[in-house]
Number of protein chains: 2
Amino acid sequence: MRSETKDKIAELATELVQQVGYPSLSYQQISSQLGMKNAAVHYHFPSKEDLGLDVVRRDHEVFTKFAASLQDKSPEEKLDAFLAMYQQYLENGNRICMIGASASDYKQLPDSIRLEAATYLSEVKEWFTRVLEAGKSEGVFQFKGSAAGKAGLVTSALAGALQHARLIGNDHYLAVVAQLKLELKP
Amino acid sequence: MRSETKDKIAELATELVQQVGYPSLSYQQISSQLGMKNAAVHYHFPSKEDLGLDVVRRDHEVFTKFAASLQDKSPEEKLDAFLAMYQQYLENGNRICMIGASASDYKQLPDSIRLEAATYLSEVKEWFTRVLEAGKSEGVFQFKGSAAGKAGLVTSALAGALQHARLIGNDHYLAVVAQLKLELKP
DNA sequence: TGGAAAACTTACTAACTAGTAAGTAAATTT
DNA sequence: AAATTTACTTACTAGTTAGTAAGTTTTCCA
């Protein structure tokens, strides 16, 4: 039984983590933006670690459901859906992905959050591996080396491109996506 | 005439920015680690913006000199030198690259630092574009699309891989590098 | 309708943040 | 040798941080 307030806090915290990172996420910012007091946030998330862990877990769950909803789609549709999801981060406040944020905040993260983020990234890599593998055997994707190797490259390239787009403009992300798709074309 | 102390502060700050990011960089950490007082750091860098800007500028200069020192080398050697530099970050305290750090800290950065980081990234992209172009015309590199497009992909992939390696281990970076080199092979 | 549990607010703490004003010692210049 | 500049230290400020204890209101259930 998750309360509505708790959900709202977690949602705002998610946005903030993707924008300013875990260390700069503050209870004060959350409470003032939601029209409540500092201690109210602590009521739902006693420690910052609780909040941060919930934020990463929720994002992880969103991805899991996202992947499940695409189960019967083609490899191309799966890839496009993922690219669109990332592009939305870009257009909606220049957010970076949760995994990228966790990776750059890594040194400031409690172990529990580090572990959750690592698991999350591993699952995304595995998902990409299966998508690329299926696409290759269906003849709609082409690439050198293993699907796992290519999946690692694609995952890191997208995370990096999302960040670099902040510095030099959204076109950078679009160009990286175009290059990735061009290289996958048989 | 840069004083030795100022250099030491900037060097330590560079390390810290690559490890914990600009927002978590503190005068206290710097002064205590260098055996001096808070105000001594402020003497050399009056504001945090001054310090942060110097850090990015210095890293930018390091790259410029790095590129100049490789002027007469082959495209393959240039690429390898860049990859080795990034690998050193990884092995020396799991640091991420300055550009990646600036990109993820972007929302907390003063305009002056944002601008410097953007210029820095643009120059790295241009350098990669020239390296890839030369490699292609010499027949040692092969890739689809434009050299600029491929340069964007490579730059973002390396920055992302460096970050992801924090979460799932250094092998991830090595695997991404291997995939990139495999795809460049004619 | 009464009691318990849930969801808060008020009021606070200790630690940390960047930044400053004033004083001091050492080096450099005139 | 005197004056000036450089490189600090001491001591402080105002603001922010996560976190807590105790009290209050609201919701829900028996």
Side-chain angles (χ1 to χ4, degrees), chain A residues 1-17 19-57 101-102 104-114 116, chain B residues 1-17 19-57 101-102 104-114 116:
Chain A
M1 195 88 76
R2 282 195 79 118
S3 83
E4 250 179 66
T5 307
K6 190 168 183 177
D7 279 345
K8 274 190 182 170
I9 293 169
E11 268 165 42
L12 176 58
T14 300
E15 229 175 279
L16 290 172
V17 166
Q19 281 187 346
V20 302
Y22 176 80
S24 299
L25 173 74
S26 86
Y27 277 75
Q28 204 170 342
Q29 192 172 172
I30 291 170
S31 60
S32 74
Q33 211 156 324
L34 292 180
M36 53 178 67
K37 299 296 161 182
N38 223 321
V41 183
H42 277 284
Y43 171 76
H44 292 285
F45 298 99
S47 79
K48 194 173 172 180
E49 178 172 354
D50 295 322
L51 177 55
L53 183 57
D54 200 57
V55 161
V56 180
R57 278 210 184 120
S102 302
S104 36
D105 296 339
Y106 187 76
K107 301 263 177 179
Q108 317 275 317
L109 256 35
D111 283 341
S112 62
I113 305 183
R114 288 179 173 184
E116 174 63 32
Chain B
M1 193 89 74
R2 282 194 80 116
S3 84
E4 251 178 64
T5 308
K6 191 169 183 177
D7 279 345
K8 274 189 181 172
I9 293 170
E11 268 165 40
L12 176 58
T14 299
E15 229 175 279
L16 291 172
V17 167
Q19 281 187 346
V20 303
Y22 177 80
S24 299
L25 174 75
S26 85
Y27 277 75
Q28 204 171 341
Q29 193 172 173
I30 291 169
S31 60
S32 74
Q33 211 156 324
L34 292 180
M36 52 177 67
K37 299 296 161 183
N38 223 321
V41 183
H42 277 284
Y43 171 77
H44 292 285
F45 299 98
S47 78
K48 194 173 172 179
E49 178 171 356
D50 295 323
L51 177 55
L53 182 57
D54 200 58
V55 161
V56 180
R57 277 209 183 120
S102 302
S104 35
D105 296 339
Y106 188 75
K107 301 264 178 179
Q108 316 275 318
L109 257 33
D111 283 342
S112 62
I113 305 184
R114 288 179 173 183
E116 174 63 32

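Just so you know, these numbers use all the heavy atoms, side chains as well, and skip hydrogens, waters and symmetry mates. Small disclaimer: the values here were computed from a predicted structure and weren't measured.
Between His44(A) atom NE2 and dG19(D) atom C1' there is a gap of 16 Å when expressed in whole angstrom units. Atom-to-atom, OH of Tyr43(A) to C1' of dT25(D) comes out at 13 Å; the value is rounded to the nearest Å. Rounding to whole angstrom units, CZ of residue Phe45(B) and P of dA7(D) are separated by 12 Å. Rounded to whole Å, the distance from NE2 on His42(A) to P on dT17(D) is 11 Å. Between Asn38(A) atom CG and dG15(D) atom C1' the separation is 14 Å, expressed in whole Å.
Remark: the Ser47(B) side chain and the Asp50(B) side chain contain an N/O donor-acceptor pair separated by less than 3.5 Å.
The side chain to side chain contact (heavy atoms under 4.5 Å, CB included) check on Ala40(B) picks up Met36(B), with sequence neighbours excluded. Under the rule for a side chain to side chain contact (heavy atoms under 4.5 Å, CB included), the partners of Thr14(B) that lie at least two apart in sequence or sit in another chain are Gln18(B), Val55(B), Asp59(B), Arg95(B), Met98(B).
Within residues 24-35 of chain B, the residues that place at least one heavy atom under 4.0 Å from DNA chain C are, in residue-number order, Leu25(B), Ser26(B), Tyr27(B), Gln28(B).
When each of dC8(D), dT9(D), dG19(D) is scored by its nearest atom to the side-chain atoms of Ser47(A), the top-ranked nucleotide is dG19(D). The side chain of Lys48(A) lies closest to dA18(D), out of dA18(D), dA7(D), dT9(D).
Atom CZ of Arg114(A) sits in a crowded spot, with more than 12 heavy atoms from other residues, nucleotides or ligands closer than 6.0 Å.
Among Leu34(B), Leu25(B), Asp7(B), the one residue that satisfies the side chain to side chain contact (heavy atoms under 4.5 Å, CB included) test with Leu12(B) is Leu34(B).
Stacking of Lys6(A) on the aromatic ring of Phe45(A) is recorded, both the 6.0 Å distance cut-off and the 45° axial limit being met.
Evaluation of the side-chain hydrogen bond (donor to acceptor under 3.5 Å, both in side chains) test over residues 31-46 of chain B, restricted to residues two or more places apart or in two chains, returns none.
First and last contacts of DNA chain C with chain A, using any nucleotide atom under 4.0 Å from a protein heavy atom and ordered 5' to 3', fall at dA6(C) to dT10(C).
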Can you list, pair by pair, the side-chain donor-acceptor contacts under 3.5 Å of residues 106-113 of chain A, counting residues two or more places apart and other chains?
{"from": "Lys107(A)", "atom 1": "NZ", "to": "Gly93(B)", "atom 2": "O", "distance (Å)": "2.6"}
{"from": "Gln108(A)", "atom 1": "OE1", "to": "Ser24(B)", "atom 2": "OG", "distance (Å)": "3.3"}
{"from": "Ser112(A)", "atom 1": "OG", "to": "Glu49(A)", "atom 2": "OE2", "distance (Å)": "2.7"}

